Amino acid sequence: MPSRSGADSRASARGQLDTPVGAAVATAGGEDNGQDDDDGEDQPCQACGVFPARFQCSACQSVRYCSQECQASDWKIHYRECAEIVAAQKEEQTELQQGAGRPRSGANGAGQTDVPGDRYSTDMEMTSRAAASLPHTGSAGEVLGDEGENIRATANRPRRRPREPVRRPRLTPEQRAAYAEAERIADMKFYMLQIYKIIKPVVVCICLSILWVKISMAGSDYRPTQSSYTVYKESPNSTASQNFLGSLANAGIIIGQIVIVTIIIVVLFKRGHIKVLIGFFMVVVAMLLGFMGYILILNLIQVLRIPLDYLTMAFALWNFSVTGLISVFWKGPMWVQQMYLTVMSSLMAFSLTGLAEWTTWMLLALLVVWDLIAVLCPFGPLKILVESSRNQNQEVPALLYTVNAVWFMASPPDNILNRETLRSKESSDSEDVTLTNDSSSPRTDFHGGHSRATGRDGGASISSSRNSGLDASFSAHGGMSRTSSTMALVPNRIGDSPTGDRDTIELRERARSGDSGRSNRNHNHSEGSPLAGRVTRSVSGSQGQSRNPRRDSRDVDDEEEHRETSDDDDDDDGGGLKLGLGDFVFYSVLVARAAMFDWVTTICCMVAVLTGMNATIFLLAIYQKALPALPISICFGMLFYFATRFALVPFLAVLARGQVFI
Amino acid sequence: MTLTTFFGCAFTAYGPSLAIFLGSIAPNAQLVILMVSSAFFWLISVLLASAIWYIASNSRDTFPVTIIYTVLLQELFRYFLYLLINRAESGLNMVASHPKSRFNRSGYAFAAGLGFGLMFGIISYITQLVNSLGPGVIMCESCKTVSLYFISAITTSILILHHCAWMMISFTGFTNRSWLRVAWVVITHYGASYLTILNSSPTVNYGCAYQIMGNLVLLIASAIIVFADMRHLHQKLS
């Protein structure tokens, strides 16, 4: 293993750079890996406190860890002091070189950078070298006073500028706790912004569905109708119990199809037949955009009396569908993809409004149950999917709506670009270097979108997902989209990324290939790139052990898909919340069905669904694991629909007649 | 009278409040979420009121009685919303853009009030608004020369703004235990609602005009109280 002085000189070299290359990450691979500290026996691991702590942070070399997982989990607190330590070291060196510490520089010699390192050692005992650094620690006392201010200000400070170095001897446990608190605050701010960002597309999808429903209800011949396999046709003369049982049978058939398709997807994924999934999804999306789009256009033409010939319509429809396929499954601007996902969800919901009324409500109720089972129970398909995805270190391709930045991914497995482009956010404390050299290269921009929209026959939900980390071999990544609408909201944990900068692009190393996960990682390691640390983190994250709740992975658990997005550093914010398209679809189905009755029910159900979504995301922030997004919203929505329909609407009618405002 | 009436009434009813929303609340994620939650609370209160109305089938057409329990339920849920925001306040302040500002609570009250108001406005007026798209017109009972839609639009817009003011006054009242303010809110809410009965009264000529003027006076009075409270808050420690 490299000697300590060697490492130190490397570190000092790095320290002298303004932005050390990925130095914040304790590299798991490469030359810095496995550094044994020669006094590691007397320093505990920073994160868990065990002896011996054989690793150390390669940037500042002042904290020790027992394993890479501990280093990863401590990073979110340590990065602050790390940057400052490094900056202080740098200042120290320049100061020493300027002659103030001339006599001592000779003494420190190769270990010049050990001095600050010792000073910042978390071990209470000072090493022998630290004795020489006593004059430095003397100056530390005066800055302790404003430490508290510093800490509190951390959360609210815009995370753009590198922090000015503050001389601190070390972080006391109280300070670490304060930093953890600031971390938590930043996390909450992130969640809040995520809620806001995800409300918008949900509202757009719902409004589009309402629009389609209102138009088609205005007397068109092309309204979507119940598909032929439903066994029971509701008619006005049937009794309530007949309706109940018949609709239960109908809904049961649809749910059965959803369950079967989900299980098939899980099985296919576990076996690794990703391309089959992707191919299927592509077919489904093409059919959805093509045929449902066609029906919708016919509706519009008839109701709005648009003069349009078949040729123009075919041309426009073809372009629309192909653009959708391209933007969802291949590359495209993010807003185009988001728009297509939203439109697809609204089309799917529009087609599902062809179901009869009782059947729709029964279907929604059964979906709630299915969602809860599939995501939360140990034997649920989605949970199995998540676990198998973790075990295989492979992302589950699925359909998801992402609110955040585009992720540029590592390219083909043979020469994986392990570049990490971190946005230099303030939180990084200037640790992260933005390597933008390849960020513009198109090959690093990968979206894997696999949409799987089982048609009306399956009552399945469509989901399209964007894969954040695809290898080229995965370019057509099979999206595993679960048909079931239940989507698990997966928390996207970001470190302390600022809430504002979501749309920056980061290159993240995503060396994930389903078949050769390990080899990629090894490849990454051999490159000794700064991303190695990320790999470590993602490995540790994906293995699900010592998962850093904040930082490591954002598990997007859409019931349909599970994708691990490893977020690595604090600067990550490429994640963001991910919502499965199935959830979009079934929210829209509920509100569209309410729209078939009255405007008041529409508004009430929309508010109920949005509040349910807020509550779900709030729970997500608390529990930090994948949650089903349908139950709360659908329960609120159904409750409000029936209460509004039977009580509120007549009440308001009477009041309106008298022009009385309550 | 179709599109003209529709757009005119829509902008009259929702214009001021939507402008306020887009200007001050929409950019702030926290306030938007708060607004949606408070709309939810108002909706629950009105659903309960309509359940009571449904059950009390004998008094279905008597407005004064209906108003009694409806307004009471709304005020009750205003209090519950206050309790909720109180409990969540430390968390809300943590993620606010100015955690230590003493106007944070007023901001939350304002957003909550707008939530109540917008939900009220949409639920009360949307059916009439959509009806105005059709070719027919209904005239107001007490002012026979104005269409019902327009009078309702004006009333809606005044009452939405009034809801914002009520929420802010009541929050100040609950915080400082100033029961006078709480009483003011309850009384003016009853007053505003009872005034709207004038809209359809066949006996009072120009009843709708009186109603509008009365509601405007109440709104201005509430606004004066709000501004006085804010100024007091501003001057308190500075």
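For the numbers below, each heavy atom of this structure counts, side chains included, while hydrogens, waters and symmetry mates do not. All figures in this text were calculated on a predicted structure; none of them were measured in a lab. Letters A, B, ... are given to chains in the order of the sequence lines, protein chains preceding strands, and every chain is numbered from 1.
- Heavy-atom distances place the side chain of B:Phe63, and not its backbone, under 4.5 Å from chain A.
- Of all heavy-atom pairs spanning A:Ala647 and B:Ser50, the tightest one is CB-OG, 3.6 Å.
- Scanning all heavy atoms of the two residues, the minimum distance from B:Phe120 to A:Ile662 falls at CE1-C, 3.9 Å.
- With chain A as the partner, the residue from B:Val32, B:Leu43, B:Val36, B:Ile138 showing the most heavy-atom pairs under 4.5 Å is B:Leu43.
- Here the shortest heavy-atom pairing between A:Val303 and A:Ala218 reads CG1-CB, 4.0 Å.
- Contact count against chain A (heavy-atom pairs under 4.5 Å) is highest for B:Thr155 among B:Ile197, B:Thr155, B:Ile67.
- Side chains of B:Trp53 and B:Thr66: no donor on one and acceptor on the other come within 3.5 Å.
- Neither the backbone nor the side chain of B:Gln211 comes within contact range of chain A, judged by heavy atoms closer than 4.5 Å.
- Heavy atoms of A:Leu652 lying under 4.5 Å from chain B belong exclusively to its side chain.
- With a 4.5 Å cut-off on non-hydrogen atoms, B:Leu129 does not touch chain A at all.
- Both the backbone and the side chain of B:Gln30 come within contact range of chain A, judged by heavy atoms closer than 4.5 Å.
- Considering only heavy-atom pairs separated by less than 4.5 Å from chain A, the leading option among B:Ile122, B:Val71, B:Val130 is B:Val130.
- Contacts between B:Leu148 and chain A at a heavy-atom distance below 4.5 Å involve backbone atoms as well as side-chain atoms.
- When each of B:Ile44, B:Thr127, B:Leu159, B:Val46 is scored by its heavy-atom pairs under 4.5 Å with chain A, the top score falls to B:Val46.
- Contacts between A:Phe646 and chain B at a heavy-atom distance below 4.5 Å involve the backbone alone (N, CA, C, O).
- Here A:Cys207 contributes atom SG and A:Trp212 contributes atom CH2; the two are 11.5 Å apart, rounded to the nearest 0.5 Å.
- Within the 4.5 angstrom heavy-atom criterion, atoms from both the backbone and the side chain of B:Ser152 approach chain A.
- Between B:Leu114 and B:Ile20, the shortest heavy-atom distance links the atoms CD2-CG2, 4.1 Å.
- For the options B:Ala192, B:Ser201, B:Ala26, heavy-atom pairs under 4.5 Å to chain A are most numerous at B:Ala26.
- Under the 30°/60° scheme for interplanar angles, the aromatic rings of B:Tyr194 and B:Tyr190 are found to lie parallel.
- With a threshold of 4.5 angstrom between heavy atoms, B:Cys208 does not approach chain A through any atom at all.
- No hydrogens or angles considered: a donor-acceptor pair under 3.5 Å links the side chains of B:Tyr108 and B:Asn93.
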- Check the pair B:Trp166, B:Phe116 against ring pair (Phe, Tyr, Trp, His ring centres under 6.0 Å), reporting the backbone distance first and the verdict last. CA-CA 10 Å; B:Trp166 281 330; B:Phe116 260 43; 9.9 Å; no
